[in-house]
Amino acid sequence: MRIKDEVVNANTIGISGHIRPDGDCVGACMALYQYLCKVYPEKRVDVFLEQPSEVFSCICGIEQIRTDFKTDVEKYDAFIALDTVKERMGEAEKLFDKAVKTINIDHHISNSGCGDVNYVDAGSSSTSELVYDVLTEEELDVEIAKAIYIGIIHDTGVMRYSNTSPKTLQIAAKLISFGFDFSELIEKTFYEKTYVQNLLLGRALLESIQFMDGKCIVSGLVKRTLEFYHADSKDLEGIVSQLNQTAGVECTIFMYQTGIQEYKVSLRSKGKVDVAKIAMFFGGGGHVRAAGCTMNGTFHDVVNNLSLHIEKQMKEAGLL
Ligand code: AMP
Ligand code: MN
Ligand code: MN
């Protein structure tokens, strides 16, 4: 896909990603936004997202993000959904549904393509990597390169996860040749945590429980803890991967309470358990090694329901 071919006849273009946008989602949306504004100064381009984490304020144009999801455009000529299926777009789903032409670019294995035109590749490290594919190199610049690079490092855990391919690194090499301070970007957007974020990480680690012979680990944060620290979902990024780094663990569950009997669940695996399959069973999605869903019930209900599926897969894989 060349994005130019897809939007050349559109006068108004909307871009959005998923709720609670992560680094890949923000990076992909902002790279594409900057690119389309640059290539087509005469077109109206709007980018809609829930308020991204403060760490992404280094991305050029981030202040242009529309968090109101209200627009005076009747319907967009083209609407592009990045890093998501339409059901996970929150308020932007309505804008997507109304658009004349819809385009979906994503790398989730659980996504079979929700646009009129789809560029979905579960083999890709990130949606940002796919955005790089659909741009023309001549029009890239340092600010677009930075946004794509941020997206890639966030979804690959700084080129560490198995979704990192030779192609990912070749793209990263081209991006850093634009000369931005990649080291600072990684430090400031990925590793650096606020004091409160570190306290919450500490609590989640301290209260974690290993079970299934130590092959599974679970931890969770209830609403009153989040309220005590004035924390939101943006403060919990990275906790699940830290838990998953425990030696001997094959599968990790991290959840935080979002309602009276409601939890946002994050699942991670070291490859032998397919957590996308489990998340999809509970109405969510993701990748083999990283997936998520929202579940109802008490903390223990959620653990029990997930454990049945994890145990089944572990037995099939000969782990138990
Ligand atoms: P998380 O643990 O929420 O950061 O999500 C891990 C991976 O699964 C990410 O690639 C998410 O985009 C994806 N994911 C999380 N929740 C959902 C969901 N409800 N539906 C589809 N994909 C999800
Ligand atoms: Mn994402
Ligand atoms: Mn992604």
Side-chain angles (χ1 to χ4, degrees), residues 15-32 49-50 52-53 56 81-90 92-93 104-114 119-133 147-157 161-165 168 189-190 204 217-221 232-244 251-256 258 262-269 273-296 302 306:
I15 301 172
S16 191
H18 56 77
I19 54 168
R20 297 186 284 260
D22 53 18
D24 182 31
C25 183
V26 176
C29 287
M30 292 312 299
L32 194 55
L49 282 176
E50 289 177 2
S53 162
F56 300 120
L82 296 173
D83 200 39
T84 190
V85 284
K86 77 186 189 86
E87 292 75 14
R88 214 177 148 223
M89 290 173 79
E93 185 181 352
N104 186 202
I105 303 177
D106 191 18
H107 69 128
H108 287 91
I109 197 164
S110 47
N111 183 1
S112 51
C114 64
Y119 186 49
V120 179
D121 177 6
S124 182
S125 71
S126 53
T127 300
S128 299
E129 183 176 325
L130 295 173
V131 164
Y132 178 89
D133 284 345
I148 298 174
Y149 188 80
I150 287 176
I152 294 176
I153 59 165
H154 275 254
D155 260 24
T156 59
Y161 303 148
S162 61
N163 58 355
T164 309
S165 69
T168 314
T189 73
F190 190 83
I217 193 165
V218 60
S219 191
L221 293 168
D232 68 17
S233 62
K234 295 196 270 288
D235 295 311
L236 310 175
E237 199 113 344
I239 294 180
V240 66
S241 40
Q242 186 62 48
L243 286 164
N244 198 47
C251 187
T252 298
I253 306 168
F254 172 70
M255 64 180 112
Y256 62 91
T258 47
E262 187 187 83
Y263 284 87
K264 166 72 183 75
V265 176
S266 285
L267 300 168
R268 294 293 182 273
S269 126
V273 174
D274 178 350
V275 291
K277 204 170 149 190
I278 301 172
M280 281 162 79
F281 181 87
F282 292 107
H287 316 277
V288 172
R289 292 167 186 247
C293 56
T294 295
M295 291 175 69
N296 296 308
V302 173
L306 289 167

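As the structure is a computational prediction, the values presented were derived from the model and not from experiment. Just so you know, residue 1 is the first one in the sequence shown, and it goes up from there. Whatever order the structure lists them in is the order used to number ligands and atoms, beginning at 1.
- At most 12 non-hydrogen atoms from other residues, nucleotides or ligands lie less than 6.0 angstrom from CD1 of I109.
- Taking every heavy atom of both residues into account, T168 and N163 meet most closely at OG1-O, 3.9 Å.
- Remark: side-chain polar atoms of D83 are not paired, donor with acceptor, to backbone N or O of G17 under 3.5 angstrom.
- Inter-residue side-chain proximity for H107 and S125 is flagged as unmet; no heavy-atom pair is nearer than 4.5 Å.
- With a 6.0 Å radius and a threshold of 12 heavy atoms from other residues, nucleotides or ligands, K277 has its NZ atom at or below the threshold.
- Each protein N, O or S atom less than 2.8 Å from the Mn ion (ligand 2) was counted, giving 4.
- Taking 2.8 Å as the threshold, H107 counts as a candidate ligand of the Mn ion (ligand 3), since one of its N, O or S atoms lies below it.
- In this structure, V275 and C251 have side chains that are in contact, with non-hydrogen atoms separated by less than 4.5 Å.
- With sequence neighbours excluded, the residues forming a side-chain hydrogen bond (donor to acceptor under 3.5 Å, both in side chains) with N244 are T252, listed by chain and number.
- Scored by the salt bridge (Lys or Arg N to Asp or Glu O under 4.0 Å) test, D133 finds K167 as partners (sequence neighbours excluded).
- Under the 4.5 Å side-chain criterion, counting only non-hydrogen atoms from C-beta, H154 is not in contact with D22.
- I15 has its side chain out of reach of M30: every pair of non-hydrogen atoms, C-beta onward, lies at least 4.5 Å apart.
- Within 4.0 Å of ligand 1, protein heavy atoms belong to R88, H108, K264, S266, R268, G284, G285, G286, H287, A290, A291, G292, C293, listed by chain and number.
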